[in-house]
Amino acid sequence: MLDIKTIREETVKVRAGIKAKNEVDNLNEILELDETRRKIIQQVEKLKSERNSASAQVAKLKQSGESADDIISKMNNVKISIQEFDGELRVIDKKLEELLLTVPNIPHESVPIGNSPEENKIVFESKINLESKFTLKPHWEIAEKLNLIDFERGSKVTGAGFPFYLSKLAMLQRALINFFLDSANLKGYQEILPPIVVNEASARGTGQIPDKEDLMYTVERDELYLIPTAEVPVSNFYRDEIIDEKKLPIKFSAYTPCFRREAGSYGKDVRGLNRLHQFDKVELVKFTLPEKSYEELETLRSDAEDLLNKLRLKYRVLLMCTGDMGFTQTKKYDLEVWSQGQQKWLEVSSCSNFENFQSRRMNIRFRNSITQKMEFVHTLNGSALALPRVMAAVIEQYQTEDGKIKIPDVIQKYLPFNIIG
RNA sequence: GGAGAGGUGGCCGAGUGGUUGAAGGCGUUAGUCUCGAAAACUAAUAUGGGCGUAAGUCCAUCGAGGGUUCGAAUCCCCCCCUCUCCGCCA
């Protein structure tokens, strides 16, 4: 959520940001409501001030045993006016709040303007040579042959997009998670294991609601949401709190399953592990000083990249253009791993800065020791990494000519075997 | 799920209709003292909003939201949360 003051004072800039992101521009309505609101506030506060001093007089009179009936009867009308104004104000505040939630975050100046994925900027591509003496198969063929993933029983037990991982592949998944968490730990991230269902306020805090309700599974009876990413519970950890400035930056890592309805996304992209309704992910979340957040975005990105490098997977980094980056971010990098078996790039991480867009919603602040003022922290997060597509790339990249899967070097210490098959 | 108790500032805690935005304590910050530190003493110390160039001023806020009243931390309604006991349970 943007500050109404920013919208009021930097309307042109905000409007340009909305346009760049192809979002709906409600600024005129917002500014109009804001003006009406302030007019009413002026009137009602004048009345309240009157009331307060009258009440003080009543108190004085009563204490000295005199009658205050005159004042009291006069104040009756004031009371009714105040109630009317307050009622109006309540309606306006609610409407204004709703409209403010429709204003997207403003892209950072370093972000390329664009509408389509083609306009994202490739800022890095690894030069690993992936030449192989034989033709690499897509991961689902290998997994089927070695009986490592059971999609059919997953469909029977739950539904499409909820596979079972079997035997050594289940162990490899666990090993990868450990590798990711251990790496984060070495880089100073504090590991936390959060709840995987959240309440409405939390979903609202990180921006899943309103706007993206359809993304999440709901537990209607208890008014809870299954998390689409650990970002939601972890970012909300400090909701409505004041963080000690000296503790910043705070860095968390969290492993969770993630649940996404992915309504309406069917077709060839959903083959194998490419797109699931439930998947594992290790997420990194940072709370930082405002002036440090872009620096922290770069280290966040390189922390995620490091994992791909150590797994010796080919990947590239995209700087997302304004139209392709999402509602809440100011700047976002996507990491895509190369799937040699499928001959295409798969997104395995996205690292974003939200500046104070989320922290304003979540009310997470710190006291600036120089100005002595309260300020909102900046929040950032990034996947490091999402498991299924990494798994797909590993299976494909590490397949042997006779149809087995080698275990990547960095993972071997986590497993009692170094080949599957 | 049932019964009871409770939710007050960064923290603890007083306060049951009228200068209570809120006593007192702790903490924090600054100053005095000290070679320095500690202790002691002195002072300052909520957030958000409206108007204003500013100084300032007004309004709101005692878990959230409604209500009663000239006036609510205090009374009523509803919701949320915490604790204790019982029940259920890995």
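Residue numbers start from 1 in every chain, and the chains themselves are labelled A, B, ... in the order their sequence lines are given, proteins ahead of strands.
Taking atom C1' in both B:rG15 and B:rG21, one finds a spacing of 14 Å when rounded to whole Å. The P atoms of B:rG65 and B:rC70 are separated by 23 Å, rounded to the nearest whole Å. Nucleotides B:rU45 and B:rC35 have their P atoms positioned 32 Å apart, rounded to a whole Å. Taking atom P on both nucleotides, B:rC59 is separated from B:rA73 by 14 Å, rounded to a whole Å. If you take atom C1' in B:rA5 and the same atom in B:rA90, they sit 29 Å apart, rounded to whole Å. As rounded to the nearest Å, B:rA39 and B:rG48 have C1' atoms that lie 39 Å from one another. Rounded to whole Å, the C1' atom of B:rC62 lies 10 Å from the corresponding atom of B:rU20. Distance noted for atom C1' between B:rC89 and B:rG6: 27 Å (whole Å).
For the atom pair A:Ile30 CD1 and A:Arg37 CZ, the distance stands at 13.0 Å (nearest 0.5 Å).
Which of B:rC70, B:rA46, B:rU68 sits closest to the side chain of A:Val58 comes down to B:rC70. In the set B:rC70, B:rG50, B:rU47, B:rC70 carries the atom at the smallest distance from any side-chain atom of A:Ile72. In the set B:rG66, B:rC70, B:rU47, the nucleotide with an atom closest to the side chain of A:Arg90 is B:rG66. The side chain of A:Ile242 has B:rG10 as its nearest neighbour among B:rC70, B:rG10, B:rA60.
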Legend entry - A:Ile395/A:Leu169 under side chain to side chain contact (heavy atoms under 4.5 Å, CB included): CA gap, chis, key distance, verdict: CA-CA 9 Å; A:Ile395 292 172; A:Leu169 198 74; 3.9 Å; yes
Legend entry - Stepwise side chain to side chain donor-acceptor pair (under 3.5 Å) test for A:Glu355 and A:His378: CA-CA 4 Å; A:Glu355 294 195 7; A:His378 280 193; 4.7 Å; no
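Contact between the side-chain N/O atoms of A:Asn199 and the OP1/OP2 oxygens of B:rC80 is not found at any separation under 4.0 Å. In terms of phosphate contacts, A:Arg365 brings a side-chain nitrogen or oxygen within less than 4.0 Å of OP1 or OP2 of B:rG48. Within the 4.0 Å cut-off from OP1 or OP2 of B:rU69, at least one side-chain nitrogen or oxygen of A:Lys79 is found. At the phosphate of B:rU68, OP1 or OP2 sits under 4.0 Å from a side-chain N or O atom of A:Gln83.
The CD1 atom of A:Ile243 sits 14 Å away from the C1' atom of B:rG10 (whole-angstrom rounding).
Nucleic acid contact for A:Asp244: none, since no nucleic acid atom lies under 4.0 Å from a heavy atom of the residue.
When only modelled atom types and interatomic distance are considered, A:Ser293 and A:Glu296 share no side-chain donor-acceptor pair under 3.5 Å.
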